[in-house]
Amino acid sequence: MNTSHFFVTGDPMIYGADVSIALVTIGIIASLTMLKKWGWLWREWITTVDHKKIGIMYLLAALLMLFRGGVDAILMRIQLAVPNSQFLASDHYNEIFTTHGTIMILFMAMPFMFALFNIVVPLQIGARDVAYPFLNAISFWVFFIGAMLFNISFVIGGSASSGWLSYPPLSETTFSPGPGQNFWIWGLQISGIGSLASGLNFTVTILKMRTPSMRLRDMPLFTWSVLASSIAILGAFPILTGTLGMLTIDRLLGGHFFTMTSGGNPMMYINLIWMWGHPEVYIVVLPAFGVFSEVVATFSKKRTFGYGSMVYSMIAIAVVSYYTWAHHFFTMGAGVDVNITFAICTMIIGIPTGVKVFNWLFTMYRGRVEISQPMLWFLAFVPTFVIGGATGVMLAAAPADYQYHNSYFLIAHFHQVLIGGVVFGYLAGMYYWFPKIFGFELNYTLGKWGFWLWQIGFYVCFMPQYALGFMGMTRRIYIYNQTEGWDMGWAPLNIISSIGAFLMGVAFAFQVWQILYSIKYGKRDFTGDPWDARTLEWSIPSPAPLYNFAILPEVKGRDSWWYKKQEMKKEGYEQETPKYEPIHMPKNSGIAFILSSFFFIAGFGFTFEWNWMGFAGLIGVALSLYARSFQYDTDYYIPVDEIERTERALKNRSTVIPKTSTEETLGR
C-alpha cells in the first residue's frame with residue numbers, strides 16, 4: 001500500500017483537527033503531570049475492574065462520541081443548507097457521512113448502553129459485582145481502543161467513504177483502495193469483541209449473580225431489558241464478526257465473497273449486515289425501554305402497570321427483531337413471498353412496542369406524577385416514538401416502500417426512532433441515575449434549557465425531512481442545484497432542517513454546562529434515595545461503596561425497596577443489627593489495558609497492510625492472555641473491621657445532613 005501520504009493533508013478542517021488533537025493531548029499530559037495524577041490514573045481507573053468505574057468510563061466515552069458525531073451532523077447540514085454549496089468536497093462529505101452513522105450507532109449508543117448496564121444492573125439485582133470482572137475491563141478497553149482506531153482515520157490515512165454500513169462494491173478495493181475502509185473494518189471488529197463479551201457477561205450476571213432471594217419475576221424491568229438486549233447481542237454480533245471477516249478477506253487476501261465480477265454476490269453482504277444491523281437497532285432501544293419503565297414507576301409513585309406483559313414484550317422484540325432484516329431492501333427483487341413475510345414481521349414487532357407505551361401511560365394514570373428531569377425525557381419520548389413507529393409501519397408496507405426507499409423520508413424515520421427512543425432514553429437514564437453514580441444532582445434549570453432546545457431542534461431538524469423525502473430528495477446526496485433547491489422547494493426545508501441541527505448542538509452545550517456547573521454547585525445526595533425510588537440500587541449510599549452491599553439484601557417481591565421503606569415507617573419497626581462477614585472482591589489488573597493496546601497495534605498494522613506489525617500485535621494479545629492465565633493472585637477479602645468503618649462513616653454522613661424534600665429534589 002502507498003503510504004506516501006500517511007497524514008491527511010489539503011483540507012483546513014483536517015489541519016484544525018490536528019491542532020485540536022495536539023492541544024488536547026498536551027493539556028491532558030501537562031495536567032496529569034502537574035497534579036501528579038499519573039499513579040492515581042493507573043491505580044484507580046486504567047487498571048480498575050470495578051463495574052461502577054467502568055460504567056463511568058463508558059459514559060464519558062459515549063458523551064465524547066455524541067459530541068464528535070454531532071459535529072459531523074452539523075457539518076453535513078451546513079453543506080446541504082443551500083444549493084450548490086462548496087463547503088465540503090464530495091469525498092470529504094462521504095467520509096463525514098460514513099463516520100457520523102458509525103459513531104452514533106456503534107461508538108455512542110453502544111457505550112451509553114453499556115454505561116447503564118455496568119452502573120445499574122449489579123445494584124438492582126443485589127450483586128457485589130458482575131460475573132466476570134476482568135472480562136468486563138477487557139470489554140471496555142477493546143471497545144475504547146476500537147473507537148480510537150476508527151477516529152484517528154480522519155487525520156491519519158483517511159476515513160472510509162462507503163457509507164456507515166459499507167456496502168460492496170463501494171467497500172471493495174476497486175472503489176476504496178486506501179486505508180480508510182480498513183480503519184472502519186478493524187475499528188468495528190475490535191470494538192465488537194468488547195460488545196460480544198459484555199453481552200455474555202451481563203447474561204450470566206443476571207441469571208447467576210442475583211441476591212439469593214430474588215426470583216426472575218422479582219427483577220426490575222430495566223434488568224429484564226438488559227437481559228433481552230444481551231441475549232440479542234449474543235445472536236447478532238457473531239454475524240457482524242463473520243461479515244467483516246469476509247470483507248477483510250476480499251480486501252486484504254484477494255477473496256471474492258462479494259465481488260460480482262469474480263463470482264461473489266454483494267447482496268449476500270447486505271443480507272448479512274442487516275441480519276446484524278436490524279437486531280442492533282433493538283439491542284440499543286430495549287434498555288431505553290427499561291429506563292423509561294423505572295422512571296415512570298418512580299415518578300408516578302405506582303407499580304408498573306402490566307409487569308408480565310412488559311417482560312414478554314421485551315423478549316418478543318428481541319426474538320422477532322431477527323426476522324425483519326429484509327425490509328431494508330424490498331426493492332432488490334427478492335419476490336412477493338419474501339417481501340410479504342418481512343413486511344408482516346416488521347408490522348408485528350410494532351405490537352409489543354405499543355404494549356409498552358400503553359403500559360407506561362396506564363402507570364401514570366391516577367398516579368402522583370412528578371415532572372422531574374428524567375420524566376421530562378419520557379414525556380418527550382412518547383409522541384416522538386409514536387410518530388417514528390407510525391412512519392416505520394409505512395415503510396414496512398412493501399408497495400409504499402418502493403416510493404419511500406432511498407429517500408429523506410427514511411432518514412427522518414431512522415432519526416425519529418433512534419434519537420427519540422435511544423438518545424432520549426439514555427439521557428433520561430443518565431439524569432435518573434446521576435445522583436447514584438456521582439453523589440450529586442444535576443442543575444434543574446440548566447437541564448430544562450437543554451431539554452427544550454433538544455425538543456425544538458429535533459422537530460425543526462427532522463420534520464422537514466419527511467417532506468423532502470416525498471419531494472424526491474434522496475439520501476446520501478451531497479449537493480443539489482438551483483432548480484431542485486428553489487423551484488422544487490428543497491432549499492427552504494433544508495435551511496430549516498439545518499437550523500434545527502444547530503439548536504440540538506446548542507442543547508448539548510447546555511448539558512455540558514449543566515454537568516460542569518453541577519460538579520461544584522449541584523445538590524449533594526446524602527440520602528442514597530433522592531427520588532423516593534423503588535428498586536434496590538437506591539437502598540445503599542450514593543455513590544455506592546466498593547462492595548455495593550455490606551449484607552446481601554433480602555427480596556420479598558417486586559419493588560422490594562419501596563415496600564421495605566413502607567415497613568420501616570411503621571410504628572415499632574426495629575432495624576436488625578447487621579452481622580458482617582468478609583467480602584470477596586477481585587483485584588485490579590493492568591493486563592486488560594495492555595491486551596487492548598496490543599489490539600490497537602494489530603489493527604493499525606493490518607489497516608496499512610504492515611503484516612509484521614499486525615502479527616506482532618496479535619502475538620502481544622496472546623502473551624497478555626498467557627500472562628493472565630498464570631496470574632493466581634487475582635482476588636482478596638475486605639475484612640469485617642473495614643466494612644464496619646465504611647458503613648459507620650456512611651451512616652453518620654446520612655444522619656448529619658438532613659434529607660431534602662421531594663420538591664427540593666426536583667428543583668422547584
Side-chain angles (χ1 to χ4, degrees), residues 28 31-32 35-65 110-125 127-148 190-191 193-195 197-198 200-202 204-205 209 430 433-434 436-439 519 537 540-550 583-600 621 624-625 627-628 631-638 642-643 646 650:
I28 292 173
S31 299
L32 290 171
L35 297 173
K36 299 180 179 179
K37 290 292 186 179
W38 286 106
W40 166 83
L41 181 66
W42 176 260
R43 291 189 305 273
E44 298 296 327
W45 294 97
I46 292 178
T47 64
T48 187
V49 294
D50 181 0
H51 68 92
K52 299 179 288 296
K53 289 183 176 179
I54 290 173
I56 291 171
M57 292 192 289
Y58 269 122
L59 179 61
L60 293 174
L63 294 176
L64 180 63
M65 292 296 103
M110 292 295 286
F112 218 144
M113 177 182 79
F114 288 134
L116 298 180
F117 281 22
N118 275 277
I119 291 163
V120 178
V121 169
L123 303 184
Q124 279 201 336
I125 63 175
R128 292 190 172 120
D129 212 325
V130 295
Y132 307 113
F134 178 72
L135 182 63
N136 199 30
I138 291 178
S139 298
F140 170 75
W141 285 114
V142 295
F143 149 75
F144 185 77
I145 288 298
M148 291 302 101
I190 292 171
S191 65
I193 295 170
S195 299
S198 289
L200 172 65
N201 206 346
F202 281 93
V204 177
T205 298
M209 298 291 287
M430 183 186 76
W433 282 298
F434 203 91
K436 181 56 56 182
I437 305 167
F438 297 106
I519 289 173
E537 72 268 29
I540 57 177
S542 302
L546 174 65
Y547 46 77
N548 297 345
F549 298 91
I583 296 175
H584 179 260
M585 297 296 293
K587 283 186 176 180
N588 288 356
S589 173
I591 292 180
F593 176 76
I594 295 169
L595 177 147
S596 303
S597 300
F598 281 121
F599 262 123
F600 182 89
V621 171
S624 299
L625 293 173
R628 175 65 181 182
Q631 193 176 41
Y632 299 111
D633 186 20
T634 59
D635 48 18
Y636 69 103
Y637 282 88
I638 301 176
E642 183 177 336
I643 300 170
T646 303
L650 293 171

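- Taking the ring centre of Trp433 as origin, the terminal cationic atom of Lys436 falls outside the region bounded by 6.0 Å and 45° from the ring axis.
- When atom types are taken as modelled, the side chain of Asn118 and the backbone of Phe114 share a donor-acceptor pair closer than 3.5 angstrom.
- When atom types are taken as modelled, the side chain of Asn548 and the backbone of Leu123 share no donor-acceptor pair closer than 3.5 angstrom.
- Between atom CD1 of residue Ile138 and atom CG of residue Leu595 there is a gap of 5.5 Å, rounded to the nearest 0.5 Å.
- Using a distance-only test at 3.5 Å, with no hydrogens or angles considered, no donor-acceptor pair links the side chain of Lys37 to the main chain of Ser31.
- The CD1 atom of Ile54 lies 4.0 Å from the CG atom of Asn136; values are rounded to the nearest 0.5 Å.
- Between Thr47 and Asn588 the shortest heavy-atom distance is O-CB, 3.1 Å.
- Between Glu44 atom CD and Lys53 atom NZ the span is 4.0 Å, to the nearest 0.5 Å.
- Once rounded to the nearest 0.5 Å, the distance linking CG of Leu116 with CG of Leu59 reads 7.5 Å.
- Ring centroids of Phe143 and Tyr58 are separated by less than 6.0 Å, placing the two rings close together.
- Counting only distance, with no hydrogens or angles, the side chain of Asp635 and the backbone of His584 share no donor-acceptor pair below 3.5 Å.
- Heavy atoms from other residues, nucleotides or ligands lying under 6.0 Å from OH of Tyr637 number 12 at most.
- A salt bridge (Lys or Arg N to Asp or Glu O under 4.0 Å) check over residues 584-593, counting only residues at least two apart or in different chains, returns the pairs Lys587-Asp633.
- Aromatic ring pairs are classed by plane angle as parallel below 30°, tilted from 30° to 60° and perpendicular above 60°; the pair Phe144 and Phe140 is parallel.
- Judged purely by atom type and a 3.5 angstrom limit, Trp141 uses its side chain to pair as donor or acceptor with the backbone of Ile46.
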